[in-house]
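Below is one structure, written out as structure tokens, with a few remarks after it.
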There are 2 protein chains.
Amino acid sequence: MQTTISQYINNLFPQFEPALKQLLAEVATLKTFAAGEMMMETGQYFKSTVLIVEGRAKLYRQGEEGGEFFMYYLEPGNACALSLICATKQETSEVMAKALEDTTVLMIPIGMMDDLMKNYKTWYYFVLETYRTRFQELLEVIDGVTFKGLDERLMFYLTNQYKKLKTRQLSITHQEIATDLNSSREVISRLLKKMEQRGELSLQRNYIEWLK
Amino acid sequence: MQTTISQYINNLFPQFEPALKQLLAEVATLKTFAAGEMMMETGQYFKSTVLIVEGRAKLYRQGEEGGEFFMYYLEPGNACALSLICATKQETSEVMAKALEDTTVLMIPIGMMDDLMKNYKTWYYFVLETYRTRFQELLEVIDGVTFKGLDERLMFYLTNQYKKLKTRQLSITHQEIATDLNSSREVISRLLKKMEQRGELSLQRNYIEWLK
DNA sequence: TTTTAATGGTGACTTAGGTCACATCAACAC
DNA sequence: GTGTTGATGTGACCTAAGTCACCATTAAAA
């Protein structure tokens, strides 16, 4: 009842051409991270390119004085954009990646990158598309921080959670939100309370119901 | 005495393989923008991939309410990362690009991208490297806005100017700086004054001498 | 059941940065 | 010279957000 590499590839990357699927099935290996485990830390070297096939991970930036700042999630079918670029150049990671649930990834040896890129058009499209979406996501992140107040950013954050998790019942603490937004718990609590008073959500312990 | 396309390519992209250089020389066209002219605006379609060969352009993000936020410069030898991604997908630009000096660019029809990417290894490396550095630059930008105060960001901005322009004499107004940092003129003036008092720079009209 | 630790609420205070209203001041046209 | 224009200086004030101190509630561990 365990999913094989081929099955993962067929389900999550149907657009890959048959020869590419077969090649990946041969050279890729699976690796599993427990919920909460760090998948990548700043300064670490990439040994392989990573495709998420199960679970969910969050990518965030860490400031010098220990602050954190959430960038985006990686979900099944996503590649870690940085592992695509940095792997080929023996660069180190610029971000932290943490498994939010038990997460399984497909690891492709970095030596394969050149070959894949040159010989498999669907791979090359996949890589470009990955960059494009991540770049765009970073731009949105920048917009948020530069042009919007914390209230709007919080709203955006919650909407995003709802969209990604497909449930209005979010199991999350105020502290977690504060950390992701690089703010402080009290401020987030106050803003949430205001939103509750406006009828936009309902607050319980460890739990927020999004009503919009 | 006009520089030819071949000369530009040889000078600025020596790493390209001979066949690639020759191909580009055949298909690329030159376009010139006057200082101050907009090269790309948010929402516009990409008709070609753009390589800068002369001059200097700045890329910035525009907020909904008209705010601006500087991202990075494009200089001779650089490609516009977005034109590399978006061109292939018929996407529209997410950023504004403005020529700071008279700027000449090499335009490569987007139809070529697939071919270039698949058949010219040095092109493919160039594209990846472009992404990598721009992605990194965006990460730095994010760090600045989230983890640092305006004083540090201003310092970083000036250092950057100095490095890029290779002169400590910066012809720039307080207003321009404020716009780039999405701040206000008064605040920048005050911070500059403090830096002057600390002996880090000297202020004149339309002109800042960076002493560090 | 008692203890402990995590979570959330709240008021008081501080601070960075934005805004407003003017006052200067240098440069250049005339 | 004189006037005009854009660049800069400055004080008063406002606001979002961070910080601190402390308490109440709940859940989980012992």
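Letters A, B, ... are given to chains in the order of the sequence lines, protein chains preceding strands, and every chain is numbered from 1. No experiment lies behind these values; they were computed from the predicted model shown.
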The test is side chain to side chain donor-acceptor pair (under 3.5 Å); show your working for B:Y73 and B:E137 and say whether it passes. CA-CA 10 Å; B:Y73 292 115; B:E137 243 158 334; over 6 Å; no
Show your working on side chain to side chain donor-acceptor pair (under 3.5 Å) between A:Y72 and A:E140 and close with a plain yes or no. CA-CA 10 Å; A:Y72 49 73; A:E140 270 184 25; over 6 Å; no
On DNA chain C, compare the nucleotides closest to B:L191 and A:E176; which residue's is nearer the 5' end? A:E176
Taking any heavy-atom pair under 4.0 Å as a contact, classify A:S184: base, sugar-phosphate, or nothing. base
A:Y207 has an atom OH; how far is it from atom P of D:dA27, in whole Å? 13 Å
Here the distance between atom P of D:dT5 and atom CD of B:Q175, to the nearest Å, is 18 Å
Could you tell me how far apart A:E186 (CD) and C:dG11 (P) are, to the nearest whole angstrom? 13 Å
So does A:S189 get a side-chain nitrogen or oxygen closer than 4.0 Å to the phosphate oxygens (OP1/OP2) of C:dT7? no
Taking N and O atoms by type only, does the side chain of B:R185 place a donor or acceptor under 3.5 Å from a partner on the base of D:dG9? yes
Which nucleotide wins on minimum distance to the side chain of B:L150, given the candidates C:dG18, C:dA12, D:dG6? C:dG18
So, for B:F70 and B:Y60, is the gap between ring centers shorter than 6.0 Å? no
Atom-pair distance (CG on B:D151; C1' on C:dA16), nearest Å: 9 Å
For A:F135, is the NZ or CZ atom of B:R134 found under 6.0 angstrom from the centre of its six-membered ring and inside 45 degrees of the ring axis? no
CD of B:E152 versus C1' of C:dA16: gap in Å, rounded? 13 Å
Considering just the side-chain nitrogens and oxygens of A:H174, establish if one lies under 4.0 Å of OP1 or OP2 belonging to C:dG9. yes
Closest approach to the side chain of A:N206, judged atom by atom: which nucleotide of C:dG8, C:dT10, C:dC20 is it? C:dG8
C:dG8 base / A:R190 side chain donor-acceptor hit below 3.5 Å: no
From the candidates C:dT10, C:dC20, D:dT8, the one with an atom nearest any side-chain atom of A:K193 is C:dT10
note: A:F147, atom CZ; D:dA16, atom C1'; distance rounded to Å ~ 18 Å
Check if the side chain of B:R205 and the base of C:dT24 share a donor-acceptor pair of N or O atoms closer than 3.5 Å. no
Grab the CG-C1' distance between B:L203 and D:dG9 for me, whole Å please. 11 Å
Here the distance between atom C1' of C:dG8 and atom NZ of A:K194, to the nearest Å, is 17 Å
Side chain to side chain donor-acceptor pair (under 3.5 Å) for A:Q15 and A:Y125? Distances and angles first, verdict last. CA-CA 10 Å; A:Q15 76 276 27; A:Y125 279 133; over 6 Å; no
